[in-house]
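As structure tokens, the structure follows; a few thoughts come after it.
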Amino acid sequence: MSYKRNATLNGTDRDFSNTFQPNRGLSPDTRGTPFATVFNRGATQPNLIGTGLIDPADGQSIIAVNILDLPGASGCASGGDMMGPYDERLWSSLSSRYACAWDYPAAARIQQPQESVDFISRASFKINENHSAYVEVVASKVEVSKAFEPNQISPGVVFGPETWYPSTGESYDRIYNALANYFGADQLNYGERIAYRWRCMACGPRQIDTETTSYRLMAAFEGIISGIDWDYTAGISRATSESDSVLGSGYHYTDALQQVLGSGLINPFLMPGQSQSAAGMAALDAASATGVKLYGGESIMTQIDATFTGGLGFELPGGEIQAAIGADLRREEFKFNGDERAEMRPIFNAPFDNANVLDKVSRDIKAVFVELYLPIFDSLDISLASRYDKYDGFGSTTNPKIGFTWRPLDSFLVRGAYSTGFKVPSFNQLFNGTTESQYTGLDLADPATCPGGVASETIAGCASIRPVEIFGGKDDLKPEESEQKSIGFVAAPFDNFNFSVDWWEIERTDTIRSAPRDVLINNYDVFQANWIRDSSGQVVAIDRRYINSGGTLTRGIEVDANLTGDFAGGKWRLNMNGSYIDSFKTKGLETLPYSDNLVGEYVRYFNLPIKWKHTLNLSYVKGDWSHTLSQLYRDGYKDELPVSVRNGSYTPADWNPDVSSYMTYNYSLSYSGFKDVKFTFGIKNLFDQDPPFTAHQNDFAAGAAWEPRIADPRGRAFTLLLEYKFL
């Protein structure tokens, strides 16, 4: 049994997680700030600044104003920690030149706290000299607490005019006077409510607590079949994983939150050091939805399998032909409960998932495989394998694998392989219901009138659009398929030195993913139906449900080398494992040609195709002590382009299109001098190396200014592992 606990880590704990670096091409794309930003609304919704204001300096239309950022004011940074000016040039939004922003990526929790208890037990039984059995139980309980930045309150459908800041509020005249002093009172509608965008710090960070309980029970027999001397294993297993998620802090019932905001008890225009009134905080607490069950689900897999291996009695010059045959029967089951509350009272921004409720869907998979080992000569052997799978709802597929090894010299071996693969859609990809999410960025334009779909206020037809994006499953998805090839060699020129070099290629087709926005933009002619328009022709929604979207072609070389020796009564070993990617190409549709080579380029989806990465390990073992020093290296690459650089409207002064390489060191020390006990102490990122800067925003990953697919944001970290063997 083991117990583990991981600590939390916020982006604000690390200096590199700083989104306010506009001179380098990075600035937060939000105008929801702890000191609220005043917004315009349509002509049918009277508010303080109407449909917008005209800047007396140059006649520019202004739709968002934070009074801290007006000429002569104290500046956005005076509004509190992590506030700063909204960079209208980077986001090509001159109408927000007087808005402030907030570093919400740095507020996100980089590493979630986790507590786990794991149990493993195995009992073996000897039936006779040829047969034995065992029973194995594996169980775990994991508790994870996810935390996000506080909710953003924006004027719109949820927060209509009755929720805006009332004219009787204590800050009303302060906001009015600041706007009137610069824009002129004649542009304002005194007495009308203030529409605003605000980061509700008083609401607290949003938190979701999830508990997952899993177990696997397996019983198996193994042994030798008398008479033919074949080995066999046969078993049955059942594994389940059940999760429940509960809302923590930061979530409020929508109707109660609307009422609190509209009452004026909560003031969105507070400066640092000021506090909400006791009545306002009491009203927020009364609206809290803490403790409400969000959703739950369960997955189950029941499996029966058997494998038989042995000689066929036929001899080749290199020896007897060996064979393996087997069968596998599986049932996969999945259930998602969704919202089980008796009272379906809306909770603002709580990710309830009723659209994806599944009442225990299941499928059966039947598979058989056969493998032959052919020792053609002492120096040459070939392996042939084939697997047949039949999936409910998808038919059957046969996937071969062919491999060989040739040893012309005792110290030199050539090897190669070819195989195909097959992956059916998951239950979620097939059956998830439809959900909608408002696109909040300012960088998207209608690809019908703006090729490339990058918004710019200075280019005709490229006005910013903010449609709803539709996500969900599709029951007509096809399986993904793949093809793998490799060839290489292993050489051992000396007793204490060996190395290998392998070339490989992987091609994936019909990849399943939520329809990438860039695919829908770049192939607009094919995906016109995914851009849903109203009667006037304006884009109101984008269908981004799962699709089979083209594929990828990746080629590279894998290198591994080992050098060993003796020193001071102990043994040392130097190992280097490296990966060189020569080619990475994608295509949005199966009918399209592959893209140009993207190695070393920023790619939003998939893994980043950096040209070279390696791990270099030096270990030393003497008696009960062992040391390991590791170097991890990741090559640099071309950075993600900011919106203004993509559309050519503005290039920041210190913009660097190249992201630097990243290298860290780890060290561990182990001691096994006590019976059945081993201690290991480790230091990760020994020299506390920060990730290299990148203009990457946190689209769907924690933090910004660093790339989570490359870098470890934790800095120097310490680990302690205790292992105890039960006899």
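Note that this is a predicted model, so its numbers are computed, not measured.
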Do you see a donor-acceptor pair shorter than 3.5 Å between the side chains of Q207 and S145?
yes

Could you pull out all residues at least two apart from R24 that satisfy side-chain contact (heavy atoms from CB on, under 4.5 Å)?
Q21, D654, F693

So does G262 get a backbone contact from the side chain of T163, meaning a donor-acceptor N/O pair under 3.5 Å?
no

Between S277 (side chain) and G280 (backbone), is there a donor-acceptor pair under 3.5 Å?
yes

Residues D55, Y98; criterion side-chain hydrogen bond (donor to acceptor under 3.5 Å, both in side chains); working and verdict:
CA-CA 10 Å; D55 191 342; Y98 298 123; 2.7 Å; yes

Chi angles and distances behind the ring-ring contact (aromatic ring centres under 6.0 Å, His included) call for F269, F35:
CA-CA 5 Å; F269 303 104; F35 185 97; 5.7 Å; yes

Determine yes or no for a side-chain-to-main-chain donor-acceptor pair under 3.5 angstrom, with Y176 supplying the side chain and N189 the backbone.
no

With no hydrogens and no angle check, just 3.5 Å: does a side-chain donor-acceptor pair link D173 and Y190?
yes

Would you call Q276 and L270 a side-chain contact if the rule is heavy atoms closer than 4.5 Å?
yes

Is the ring centre of F348 less than 6.0 Å from the ring centre of Y253?
no

Test item: D543 side-chain N/O and R545 main-chain N/O as donor-acceptor pair under 3.5 Å
yes

For K638, is there an ion pair with E601 - N to carboxylate O distance below 4.0 angstrom?
no

Assess whether atom CG of N607 is packed by more than 12 heavy atoms of other residues, nucleotides or ligands within 6.0 Å.
no

Identify, with sequence neighbours excluded, every residue that meets side-chain contact (heavy atoms from CB on, under 4.5 Å) alongside V540.
I532, D534

Quick check: does any side chain N or O of W91 sit under 3.5 Å from a backbone N or O of S27, one acting as donor and the other as acceptor?
yes

Salt bridge between D209 and K293, side-chain N to carboxylate O under 4.0 Å?
no

Taking only residues two or more places apart in sequence, or in another chain, which ones meet N428 in a side chain to side chain donor-acceptor pair (under 3.5 Å)?
N432

Taking the basic N atoms (NZ, or NE/NH1/NH2) and the acidic carboxylate oxygens, is any pair closer than 4.0 Å for R604 and D518?
no

Can you find a side-chain donor-acceptor pair between D103 and T19 that sits under 3.5 Å?
yes

Main-chain N/O of L294 paired to S245 side chain as donor or acceptor, under 3.5 Å:
no

Would you say K146 has more than 12 foreign heavy atoms packed within less than 6.0 Å of its NZ?
no

R97 with D58: basic N within carboxylate O range, under 4.0 Å
yes

Indicate yes or no: does E162 engage R193 in a salt bridge with an N to O separation below 4.0 Å.
no

Taking the six-membered ring for Trp, are F148 and Y104 closer than 6.0 Å centroid to centroid?
no

Within 6.0 angstrom of Q152 CD, more than 12 heavy atoms from elsewhere:
yes

Between R197 and F39, is NZ or CZ placed under 6.0 angstrom from the six-membered ring centre and within 45° of the ring axis?
yes

Could you tell me whether R31 sits above the aromatic face of Y86, with NZ or CZ closer than 6.0 angstrom to the six-membered ring centre and within 45 degrees of the axis?
yes

